[in-house]
Structures are given as structure tokens and as C-alpha cells.
Amino acid sequence: MRSEKHKVLVLPGPVEVRPEILDAQGDWMIGHRSAAFAELFARMQVKLKQAFMTENPVIVQGSSGTGLWEGASRNCIRDGKKVLHLVGGAFSERWADISRVNGKDVDVIAVDWGKAHTPEMVEEALKKATYDAVCMVHNETSTGVTNPVKDIAAVVRKYDDTLVLVDTVSGFLGAELRVDEWGIDLALTSSQKAFALPPGLAFATLSERVLARAAQVTNRGYYFDFIEIHESLKKNNTPSTPPVSLMFAADRQLDDILNGEGVEGRWARHLAMRDVTTAWAAERDMPLFSQAGYQSPTVSTITNSRGFDVDAMAKFMSGKGFSIDKGYGKIKGKTFRIAHMGDLQPSTLEEVLGGLDEFLASLN
Ligand SMILES: Cc1ncc(COP(=O)(O)O)c(C=O)c1O
């Protein structure tokens, strides 16, 4: 039984999950070494490949996205080699830290928070040094910037030994991403953002180049050893016990997406919601924090130019039935974020913006 108390999540993860998806988790348990599980895993593979637009296998892990950050860094960077991280917000910074704490030799291209990386910056860095991988964040959730992954990946792919590793935790199924066409070796995500599932599952596409690289890395760790995970995947299984209930939910959600609005339709709905939010903010003299031309389809980070108390704003919105964000990291309070991701519909976004208008009016 679900509780009567319900606030609609307008957060950049975890997001609102539809009742049908919550219900899908409630099916009878199956053993993960059973034929029924292998069937579930196999049919999810087909659909995940469609969602990521790839022919590569898609690993499914009981983990949040952070686990696959660590897995990507450990499996894709050899001892004595370097990795280049593109840093421009809280999450890209954290991935670089994870590479460091795993003993990797990290170089960084840092841009001011709110700015995007450009292919030219990456090209310049790749001319100066050799890297095992370039790590970038598709959609920087703290600043609301979507990086030009397609163009950056095209530059990196000119260098044969350099892998293209992409965090699309808050981009996947909300912002355009074409893994194979764009030459992405690894795209990782987690379930609780634009995929609109409960938290607890993480996914990554693995190219043959990633698997070949992992085979050259001696200390890949245990839980996120891509070679082991891939060996199990070939048998439609996982090395350890997976969160089966969450996989039921993911299976149902993939059906609903692929048989419903489709991946491209989903991108279009997110873009439309981004445009409504951007126009709303501009009309109220609250510019977006993110650089024009790179504003995220899934989350808008809005400058708090009126200097209102974000706690009071969140409390007011809670009274309206919405759980809303107050900004993240060093820009918390100076900005706030409106997440328009997942299964959120434009009509609900209008209600959120209407509630915020009432809050702004209450300040006068
Ligand atoms: C862009 C990005 N990458 C990675 C993460 C970490 O993912 P998780 O919370 O699933 O570990 C987040 C979380 O918000 C994120 O926004």
C-alpha cells in the first residue's frame, strides 16, 4: 500500500515514478539463475540497445551511477597512462576525483561552472599529451549544461588509443544521445533520472574497444570488473544477485517508452519543456545559469537574481504538493533548479511554474 502523503518530485533525481512502474516492482520474485530471469535479461538487452542507440552490450548493475563511474575509471585506464577529464560542475568534478582516488593519472580541462566544453579545447589537449580515455559529462546536472558530446567525441575518435567515456546520468532518455553514431565507447547512466525509475540500477554500454582495454588492465577491482560482467551478460545473467524487482520496473518502462512516444519523441518533449522553462525564467528577469546554446533539456538551473530565500521557496512549493530543488554545490541558493525530466508532462510543469509565480508574487 502506498502512503497517502505524496509530493510530486520536481527534482533532478530521484524523479517522479508513475504508479504503473511502482506496481511492476511488486511481481512475484524469480531466481536470478532461472530461465525466467534469462528471458527478462535478454528482452531488456534488446530494448536497452534501442534506447542507447547502440549495437554494443548494455550492462545492468545493482548500483547507482557512482559505481559505474568507478568501474569506467578502473577498467578503461591502464597503469602509467593518463586520463583527461572535462570538468565544469559538481558531477564532472566528482568523476575526476574518483579517477584520482583509484590511482589514475588525471589531467583536467576546467571551464567555469555554467559553461560548456568545446571540441577545440579537447583537440588542443590531445595534441599535447596521450590519453587512455577522455571522460565527459553529457548533461551536467548541477549547472544545467548539455555538452556537445557528438562534436567532442568526433575529435577524440581521431586518436586510436583514446576511449570516449560519457556520463549520461541525467541526459539518457531526455537529451539526444546516439551512442554508435557518435562513436561513444561507454555511456553510463542510472535509473532515477530521465529514465524515470526508482533509484538502484545503473547501466553502461561497452564497446569492443572498452573490453579490449579492460583485458589489459590488471587491477579492475571485483564488483565492477567489466570482463566478468560481460561474461555473465553473454549468458543473460549477472555475476552477483541483481535487484530483480527494479528490473521488472525497467522492463515495463522500456516497453512504455519504446511503444509510446519513442526515444526521439521523448527528447522532443524534454526540449519543449526546457523552452517553456527558459522563456518563463527570462520573462521574470531570472536568467539561466547555463551558457546560451547549451541549455539542458532535462534540468534548468536558474539564477536567483531576486535573492529570495530558497528554503522559503521550497517550503511554499511543498505546500502546493511539489518537492523542488534549491540549487546544488557551491551555487546552491544563488541558483535553483527546475527539473523537467522523466515522465513529467508539460501540464505538470505549467502547474510548477504557476506555483513559483505565486511564490514570487508573495515577495512583493
Ligand atoms: C551528471 C551526474 N553524474 C553522476 C551522478 C551520480 O549518480 P548517482 O547518484 O546515481 O550515483 C549524478 C547524480 O546526480 C549526476 O547528476
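Predicted model only: the values in this text are computed from it and were never measured. Each ligand, and each atom within it, is numbered from 1 in the order the structure gives.
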Output field: ring centroids F203/F172 closer than 6.0 Å: no

Side-chain donor-acceptor contact under 3.5 Å, N237 with R33: yes

Identified side-chain contact (heavy atoms from CB on, under 4.5 Å) partner of F289 from the options I302, N304, V145, I331: I331

No-hydrogen, no-angle side-chain donor-acceptor test under 3.5 Å, S347 and Q345: no

hydrophobic_cluster_shared for V299 and F336, side chain cutoff 4.5 Å: no

Per-ligand residue contacts, ligand 1, heavy-atom threshold under 4.0 Å: S64, G65, T66, W69, F91, V137, N139, T141, D167, V169, S190, Q192, K193

Donor-acceptor side-chain pairing of S300 and T277 below 3.5 angstrom: no

